[in-house]
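Scroll down for the structure; my scribbles are underneath it.
Numbers here are sequence positions counted from 1.
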Amino acid sequence: MKTSLGPLLYCWPKAQVIEFYQAVANSDIPLVYVGETVCSRRREVKFSDYLQIAKELTASGKQVVISTLALIEAQSEFSELKKQVDNGEFIIEANDMGAVEVARSHGLPFVCGPSINNYNAATLNKLATWGMQRFVMPLELSQQWLVSVVDALTPKRVEVEVFGHGYMPLAHSARCFSARHMGLAKDKCQTVCIQHPKGLLAQTQEAQPLLRLNGIQTQSASLCDLRDQQAIMQGLGVDYFRVSPSAMASIEIANDISKVTDNADALKCNGYWHQQAGLNMQS
């Protein structure tokens with residue numbers, strides 16, 4: 001089983017993004033996803049910039065995948081999506097069924113991201129006939145689900161990737177939570193999410209961390225950590241263990257997931273993998 005570095009889910013200044021991927025280029029991470037998956041209004045880093053980053057990462061020996069938006073809401077976004085899919089060089093991660101259809105119609109291979117509702121073997125087998133090379137298991141599913149599905153994949157087993165470390169993207173909305181929090185309309189958001197490099201922490205009335213609000217995306221407040229499940233995943237035939245980046249330290253974790261430890265005070269979870277409530281942490 002190898003490690004992958006998922007797409008950057010937060011809005012960071014362009015200089016910080018460039019610095020981040022320069023460090024990734026100097027790492028031993030074999031598979032890297034790049035691209036904007038959350039909001040098309042985040043224009044600090046444009047698709048042309050991500051394409052250049054992808055080429056530089058490829059030159060450093062990485063396998064690179066272009067990640068696409070998880071929620072297509074406008075014709076302009078669909079037009080940009082078609083340009084991303086038909087980039088002529090890199091496979092894409094489809095995070096919306098619109099991206100799957102564009103890739104299928106062009107006869108291009110693709111990866112299904114975790115926001116695609118792949119809940120049974122019949123769906124996965126159909127997508128494989130359309131060109132799916134690998135799928136990232138939906139975050140709310142379990143080890144037991146994966147066992148049953150992997151055994152039923154036909155005729156040729158596609159690659160399997162599991163979201164193993166990071167803040168989980170749970171949902172996307174047409175509304176922007178970050179803009180609303182600042183009293184701004186979505187269409188005039190001033191890209192305020194750039195002020196929150198790990199999202200806005202939402203708490204319960206008892207001051208317990210509950211969610212992270214990241215623009216139109218809702219994330220887990222707790223850090224998903226399945227590193228102690230690596231041997232089990234490998235036995236199940238999982239090909240890639242995904243680390244979702246939230247800081248420069250994520251590169252070190254993805255570079256050697258067996259050695260690096262998180263802050264001892266970090267709130268963690270692994271419930272979904274064990275068929276429990278997602279925010280649970282089973283030792």
Side-chain angles (χ1 to χ4, degrees), residues 1-40 42-70 80-95 99 102-103 106 108-115 131-136 158-167 169 194 197-198 238-260:
M1 185 174 64
K2 300 178 181 178
T3 307
S4 66
L5 188 69
L8 184 61
L9 302 180
Y10 306 100
C11 185
W12 289 359
K14 182 177 179 179
Q16 186 177 353
V17 174
I18 298 298
E19 179 187 4
F20 178 82
Y21 283 111
Q22 285 175 342
V24 173
N26 294 323
S27 74
D28 294 324
I29 304 168
L31 173 61
V32 183
Y33 292 79
V34 300
E36 179 57 53
T37 67
V38 179
C39 182
S40 62
R42 295 178 175 179
R43 300 187 179 97
E44 277 282 313
V45 185
K46 299 178 175 61
F47 174 59
S48 57
D49 298 317
Y50 276 121
L51 205 55
Q52 182 59 36
I53 289 170
K55 291 177 180 179
E56 292 171 0
L57 289 171
T58 300
S60 70
K62 314 298 180 195
Q63 179 187 351
V64 181
V65 178
I66 300 293
S67 294
T68 62
L69 283 176
E80 184 75 2
L81 170 68
K82 290 191 288 185
K83 183 169 67 174
Q84 293 167 352
V85 174
D86 198 20
N87 66 78
E89 189 171 354
F90 300 100
I91 189 174
I92 63 118
E93 178 188 46
N95 290 302
V102 174
H106 284 69
L108 296 172
F110 58 91
V111 176
C112 266
S115 58
M132 182 182 71
Q133 305 294 297
R134 177 168 62 251
F135 74 94
V136 185
V158 296
E159 289 186 329
V160 181
E161 186 169 345
V162 173
F163 186 107
H165 189 279
Y167 296 106
I194 202 171
K198 285 188 179 181
V238 174
D239 299 279
Y240 288 97
F241 181 101
R242 174 177 290 201
V243 174
S244 182
S246 57
M248 291 293 288
S250 300
I251 301 172
E252 191 177 356
I253 293 170
N255 200 45
D256 194 343
I257 54 177
S258 64
K259 293 183 179 180
V260 179

ask   = Going by heavy atoms in the side chains, are Val111 and Ile91 under 4.5 Å from each other?
value = yes
inquiry  = Tell me whether Asn255 contacts the main-chain N or O of Ser27 through its side chain, where contact means a donor paired with an acceptor under 3.5 Å.
reply    = no
query = Sequence neighbours excluded, which residues qualify as side chain to side chain donor-acceptor pair (under 3.5 Å) partners of Tyr50?
reply = none
request  = Kindly compute the distance separating CG (Asp256) from CG (Asp28), expressed to the nearest 0.5 Å.
outcome  = 9.0 Å
ask   = With Glu56, which residues qualify under side chain to side chain contact (heavy atoms under 4.5 Å, CB included), at least two apart?
value = Gln52
inquiry  = Could you check whether any side-chain heavy atom of Arg43 comes within less than 4.5 Å of a side-chain heavy atom of Glu36, counting everything from C-beta outward?
reply    = no
message = For Ser244, give me all partners under side chain to side chain donor-acceptor pair (under 3.5 Å), at least two apart in sequence or on another chain.
response = none
key: Close side-chain approach of Asn26 and Ser60, heavy atoms under 4.5 Å   = no
task = State, yes or no, whether a side-chain contact exists between Val85 and Leu108 at a heavy-atom distance under 4.5 Å.
result = yes
request  = Apply side chain to side chain donor-acceptor pair (under 3.5 Å) to Thr58 and list each qualifying residue two or more places apart in sequence or on a separate chain.
outcome  = none
message = The test is side chain to side chain contact (heavy atoms under 4.5 Å, CB included); show your working for Leu31 and Val65 and say whether it passes.
response = CA-CA 8 Å; Leu31 173 61; Val65 178; 3.8 Å; yes
Using residues 1-20 as the side-chain source, report each donor-acceptor pair under 3.5 Å to any protein atom, sequence neighbours left out, with the distance given to one decimal.
from	atom 1	to	atom 2	distance (Å)
Ser4	OG	Glu161	OE2	2.6
Tyr10	OH	Gln219	OE1	3.0
Tyr10	OH	Gln219	NE2	3.3
Trp12	NE1	Pro197	O	3.1
Lys14	NZ	Asp49	OD1	3.3

inquiry  = When you compare the side chain of Val238 with that of Tyr240, does any pair of heavy atoms fall below 4.5 Å?
reply    = no
key: Residues that Glu80 engages under side chain to side chain contact (heavy atoms under 4.5 Å, CB included), provided they are two or more places apart   = Phe47, Lys83, Gln84
request  = Give the minimum heavy-atom separation between Ser67 and Thr37, together with the two atoms involved.
outcome  = CB-CG2, 3.5 Å
request  = Flag the pair Val32 / Leu57 as yes when at least one side-chain heavy-atom distance between them is below 4.5 Å, and no otherwise.
outcome  = yes
message = Going by salt bridge (charged side-chain N to carboxylate O under 4.0 Å, His left out), name the pairs with one or both residues in residues 58-68, residues two or more places apart or in two chains.
response = none
request  = Indicate the atoms forming the closest heavy-atom contact of Pro169 with Phe163, along with that distance.
outcome  = CD-CE1, 3.8 Å
request  = Let me see the working for His165 and Ile257 under side chain to side chain contact (heavy atoms under 4.5 Å, CB included), right down to the final yes or no.
outcome  = CA-CA 9 Å; His165 189 279; Ile257 54 177; over 6 Å; no
message = Would Arg242 and Val136 count as a side chain to side chain contact (heavy atoms under 4.5 Å, CB included) here? Give the steps.
response = CA-CA 9 Å; Arg242 174 177 290 201; Val136 185; 3.5 Å; yes
inquiry  = Please report the interatomic distance CD1(Ile251) to CD1(Ile29), rounded to the nearest 0.5 Å.
reply    = 6.5 Å
inquiry  = Quick check: do Asn95 and Pro114 have side-chain heavy atoms less than 4.5 Å from each other?
reply    = yes
Glu159: partners by salt bridge (charged side-chain N to carboxylate O under 4.0 Å, His left out), with sequence neighbours left out = Arg134
message = Would the distance check show the side chain of Thr68 and the main-chain N or O of Glu93 forming a donor-acceptor pair, the cut-off being under 3.5 Å?
response = yes
task = Tell me, please, which residues at least two apart from Cys112 pass side chain to side chain contact (heavy atoms under 4.5 Å, CB included).
result = Val100, Phe110, Ile116, Asn118, Leu127, Met132, Phe135
ask   = Taking the side chain as C-beta and beyond, is there a heavy-atom pair between Val38 and Arg42 under 4.5 Å?
value = yes
task = List for me each residue that meets side chain to side chain contact (heavy atoms under 4.5 Å, CB included) alongside Ala54, sequence neighbours excluded, and say none if there are none.
result = Val34, Val64, Ile66, Phe90
